[in-house]
Amino acid sequence: MNTLSQTSRFLMQATLGADQKTIQKVSRQGIDNWLNQQLNSKLSSGNTYADSSRDIWQNFRQKLLSQYGEAALNGESNNPALPYKWYFHMAWWQQALNTNPEHLLRQRVAQALSEILVISDNSQLELDAIGMGSYYDLLYKHAFGNYSDLLYDVSMHPCMGVYLSHMNNQKADPTEHIHPDENYAREIMQLFTIGLYELNPDGSRKPGNNGQPQASYNNEDIRQLAKVFTGLKASAYEYEWDTSFWQSSYNGYPVSFDDGIDKTYKVPPFVNMTNSMSIDEDRHDRSAKELLNGRVKLPAEQGAAREIYSTIQQLVAHPNTAPFIATHLINQLVTSNPSKAYVKSVAAMFGKEGNLKAVIKAVLSYPQREFAARKRLPSARQEAGLTIQSQKLKSPLLRTTQILRAFNANNRSGKLWLIGDDIQTLLQQHPLSSPTVFNFYKPDFTPHGPLELAGLVAPEFELHTSATSIAYVNMMYYWFFGEYLPVVSTRINSTPGIHNVPELNPDILNTDEHNKLQLNFANQIAMAKDPEQHDALIDQMSLLLTGKTDLSIKPQIKDAFKHYRDQPAWVVQTIAFMLTISPEFTVLEA
C-alpha cells in the first residue's frame, strides 16, 4: 500500500488524470501492482480512435444531409462533407474522459508518443480526421510493444507519408531532374531515433577530438537514407461524392506513378489515409546503401518493405537511440532534467528492438528510488537543487485533462465531443496539432533566469508566455465561476452554405443544457456546507490536484472565500480556482 499523497503524484505522471476513487483504489492496490497490471493488460476490442472519428463524422454528415439534402455533399459545395480535424478532436476527448480503467497508462503513453513521433493537423491533414485517428491508434496499440514495430508502422502510415512528404517519393532520375525527397530521412534520424549528436549510455553528449559534441549523421547519410523511402504511394485513391467526376473516373483505383494524377492529388481526402502505404518496386531505389559510418548496411536488390524494416531495425539498435528515446519519455512523463543515472537505467531496458514495456516501467519506477534521496541530503542547498531537477511544468494539455478527470467532467448526453478549439486558442496546445514536427516546445528550451543559470531546461515554459499564462488563469476563472467549460458540439452550424460544419460558436454551444459540460462537485459541496470541514475540504481537494495536503497557501485560500462561507458552491469553486492556478498544481513533482 502507498500513501494517498504518493499515489496522487504518481498518477499525475502515469495517467491523464485521476479522480478521488482512482487514487484511493491504486493506493490500496499499491503502485507497483497497479503498474504491472496496466503494462500487462490486453488491448481493448472496443472502438478505436479511427472508428470513433468516423462515427462522429458520419453523425454530422447525416445531419447535414437531412437538413440540406444531397446538394450539400456534392459538387462545389462539398467542403462541409469532409472529415475535418474537429471529428478527431471530438473522438480524442471522448476517449480521454471515458477511459477504461485498465488502460489509463496506455492512454498516457500514447499521448506522450504523439509528442515524439509528431504529425499535425496544422497541415493538409486537417482534412482527414479518420486518418489522424488511425495514426493515433498506432501509438495506442504499440505503447507497450517494440519501438521498432511502432516506427515501421509510423513510417508506412499515409498520414506520416503526407506530413513528412515521403509518400510518392521516387528513386533518382537525373534526366528528369528527379531526386528522392529527404524530409523523412532527416527527421527519422534527428527526431525519432539517434538525435543530432553522438551520445553516451547516460544521454550525455560524446565529445570529439576538439572537445565539441560529435554530429551523429551528415548530409550524405540523409541522401543515402532518402533512397530507402522511395517507391511508397497511397494504397488507393478514394472519393467521397457519388456524383463527382472523380468518383466515376477513379474511385478505388490505385493510382500509379505514371499517370500523373498522384502528384496532383497527394492529399487527403482523396488518398486512403488509414491503410498502410503500398509499394511500387519500379520506383524504389534498389542500389546498395551504407550510412552512419557503416552502422547501417543495406545490400542491393532488396524489396522496399524489407529494406525499410531492416533500416528501421538498425536505427533503433543504434547505441544512440536507447538514451535518446529514454530521455524523451522521461521528459514527457516525469521530469525535464533527469540525472545521468536515471537516463542510463532506463536506456538499459531498451534493448535492440526498443522494449517500450520495460522502458515505461523503468521510467515510472526509478523516481521513487532516486528522488527519495533528497530527504536524506544534509545540505538544504543541495536538497533544493535536487528538488528543482525532480520537477517539470505540466503542459497545458495535461493540466486540462487532469482537472476534467479529477472532477469527472460529463454531460447529460454522454457525448463528450469537445471541439478543442477553445482550449487550443487559449493555451496553444491540442493533441496532434503542434505547429511543426518539432512538437509544441523544444526539448532544450529554458527561460531566462534561475533555471538557465543553473544549466537546467524547462521545455514546457516555451508555451508558458505572458499571453498563455494569463489566458490559463482566465480560463480557470471561467470554468469554476462562470461554469463556462470546454464546449461540446453535436450539431451543425445553422447558417446555410459552405460553412455547414459542426457548430463551433462557444456562446451558442454553452446554451445547450443537454450537451454542456459540467464538473461533479457533489461531494465537495456537501463538505463545504459545514464550515468546520473547510480545512479538511481544502486538504482533500489539494491532495487530488497537487498530491499534497496542508499547503502553505491554505490561509490565502480561506481568506478568498471568508465572506462567502455560507455559500457552499462558492467555497468549492474558490478552492478549485486557487489550487489550479497555484505552482503546486501547475508544476509536477516526482
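Numbers for residues simply follow the sequence, beginning at 1. Note that these values count all heavy atoms, side chains included, but never hydrogens, waters or copies made by symmetry. As the structure is a computational prediction, the values presented were derived from the model and not from experiment.
- Here the side chain of Ser165 pairs no donor or acceptor atom with the backbone of Val162 at under 3.5 angstrom.
- Considering all non-hydrogen atoms of both residues, Met160 and Ile119 come closest at CE-CG2, 3.6 Å.
- At distances below 3.5 Å, at least one donor-acceptor pair connects side-chain atoms of Asn320 with backbone N or O atoms of Tyr197.
- There is no side-chain donor-acceptor pair under 3.5 Å between Ser120 and Tyr163.
- For the 3.5 Å distance criterion, the side chains of Trp92 and Tyr136 qualify, holding a donor opposite an acceptor.
- Cation-pi geometry between Arg399 and Tyr472 is met: the NZ or CZ atom falls under 6.0 Å from the ring centre, inside 45° of the normal.
- Glu462 and Lys442 are joined by a salt bridge, as a carboxylate oxygen and a charged side-chain nitrogen come within less than 4.0 angstrom of each other.
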Under the salt bridge (charged side-chain N to carboxylate O under 4.0 Å, His left out) criterion, do Glu182 and Arg223 qualify, and how do the steps go? CA-CA 7 Å; Glu182 298 177 355; Arg223 283 191 287 270; 5.2 Å; no
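- Between the side chain of Arg295 and the main chain of Gln314, no donor-acceptor pair closer than 3.5 Å is present.
- Using a 4.5 Å cut-off on side-chain heavy atoms (C-beta onward), Leu463 and Glu460 make no contact.
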Quick one, Lys42 with Glu102, criterion side chain to side chain contact (heavy atoms under 4.5 Å, CB included). Give me CA distance, side-chain angles, the key distance, then yes/no. CA-CA 9 Å; Lys42 293 184 179 180; Glu102 294 182 0; over 6 Å; no
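- Side-chain contact, His157 with Ser276: no donor N or O sits under 3.5 Å from an acceptor N or O.
- Val334 is not listed as a side-chain neighbour of Lys392, based on a closest heavy-atom distance of 4.5 Å or more.
- Counting heavy atoms from C-beta outward, Pro459 and Ser336 have side chains that approach closer than 4.5 Å.
- Ring pair Tyr87/Phe60: centre-to-centre distance below 6.0 Å.
- Using a 3.5 Å distance cut-off with no hydrogens or angles, the side chains of Gln429 and Ser433 do not pair a donor with an acceptor.
- Every residue two or more places apart in sequence or in another chain that forms a side chain to side chain contact (heavy atoms under 4.5 Å, CB included) with Lys141 is listed here: Leu43, Asp153.
- Checked for salt-bridge contact, Glu198 and Arg205 miss the test: no charged N lies under 4.0 Å from a carboxylate O.
- Interatomic distance, NE2 of His103 versus OG1 of Thr15, reported as 14.5 Å (0.5 Å rounding).
- Taking each heavy atom of Asn355 and Met349 in turn, the nearest pair found is CB-O, 3.8 Å.
- The two atoms that bring Ile130 and Ala50 nearest to each other are O-CB, 3.9 Å, heavy atoms only.
- Between Asp137 and Leu139 the shortest side-chain heavy-atom distance does not fall below 4.5 Å.
- The shortest distance between side-chain heavy atoms of Ser155 and Ile312 falls below 4.5 Å.
- Using a 4.5 Å heavy-atom cutoff, the side chains of Trp417 and Trp93 are not in contact.
- Across Leu418 and Pro486, no two heavy atoms sit closer than the pair CD2-CB, 3.6 Å.
- In this model, a donor atom of one side chain and an acceptor atom of the other lie less than 3.5 Å apart for Trp86 and Asp421.
- Of all non-hydrogen atoms in Met12 and Leu398, the two that sit nearest each other are O-CD2, 4.1 Å.
- Judged purely by distance below 3.5 Å, without hydrogens or angles, the side chains of His430 and Asp121 never pair a donor atom with an acceptor atom.
- Here Lys233 contributes atom NZ and Asn272 contributes atom CG; the two are 13.0 Å apart, rounded to the nearest 0.5 Å.
- Side-chain atoms of Glu307 and His284 form a donor-acceptor pair, as typed in the model, at a separation below 3.5 Å.
- Pairs engaging residues 289-314 under the ring pair (Phe, Tyr, Trp, His ring centres under 6.0 Å) rule: Tyr152-Tyr309 [sequence neighbours left out].
- Geometric assessment of Lys85 against the ring of Phe88 yields a negative cation-pi assignment under the 6.0 Å and 45° thresholds.
- A donor-acceptor pair under 3.5 Å is formed between the side chain of His89 and the backbone N or O of Ile419.
- Proximity of a side-chain donor or acceptor of Thr446 to a complementary backbone N or O of Leu456 within less than 3.5 Å is detected.
- By the 6.0 Å contact criterion, NZ on Lys289 is enclosed, its count of non-hydrogen atoms from other residues, nucleotides or ligands being greater than 12.
- Expressed to the nearest 0.5 Å, how far CG of Asn169 lies from CZ of Phe229 amounts to 9.5 Å.
- Under the 3.5 Å distance criterion, the side-chain polar atoms of Arg106 are matched with a main-chain donor or acceptor of Tyr140.
- The closest side-chain donor-acceptor pair between Glu115 and Tyr441 falls under 3.5 angstrom.
- Using modelled atom types, one finds no donor on one side chain facing an acceptor on the other under 3.5 Å when comparing Asn146 with Ser148.
- Side chains of Thr468 and Thr465: a donor-acceptor N/O pair is present below 3.5 angstrom, by distance only.
- Checking Lys394 against Gln402 by side-chain atom types alone, a donor-acceptor pair falls below 3.5 Å.
- A donor-acceptor distance shorter than 3.5 angstrom exists from the side chain of Asp221 to the backbone of Leu292, with no hydrogens or angles considered.
- Side-chain N or O atoms of Ser216 include one that pairs as donor or acceptor with a backbone N or O of Gly195 at under 3.5 Å.
- To the nearest 0.5 Å, the span separating OG on Ser53 from CE on Met90 amounts to 10.5 Å.
- Defined by atom type and a distance below 3.5 Å, a donor-acceptor pair is present between the side-chain atoms of Asn200 and Ser204.
- With Gln94 contributing its side chain and Lys415 its backbone, the two residues share no donor-acceptor pair below 3.5 Å.
- Listed by chain and number, the residues in a salt bridge (Lys or Arg N to Asp or Glu O under 4.0 Å) with Arg286 are Glu281, Glu301 (sequence neighbours excluded).
- A 6.0 Å sphere centred on CG of Asp444 holds more than 12 heavy atoms belonging to other residues, nucleotides or ligands.
- Counting heavy atoms from C-beta on, the side chains of Met156 and Leu232 come closer than 4.5 Å.
- Donor-acceptor pairing under 3.5 Å is lacking for the side chains of Gln111 and Gln107.
- Without hydrogens or angle criteria, Ser41 side chain to Gln38 main chain gives a donor-acceptor distance under 3.5 Å.
- For the residue pair Asn337/Thr335, the side-chain donor-acceptor check at 3.5 Å is not satisfied.
- In plain terms, the two heavy atoms of Thr48 and Asp51 that are nearest each other are OG1-N, 2.9 Å.
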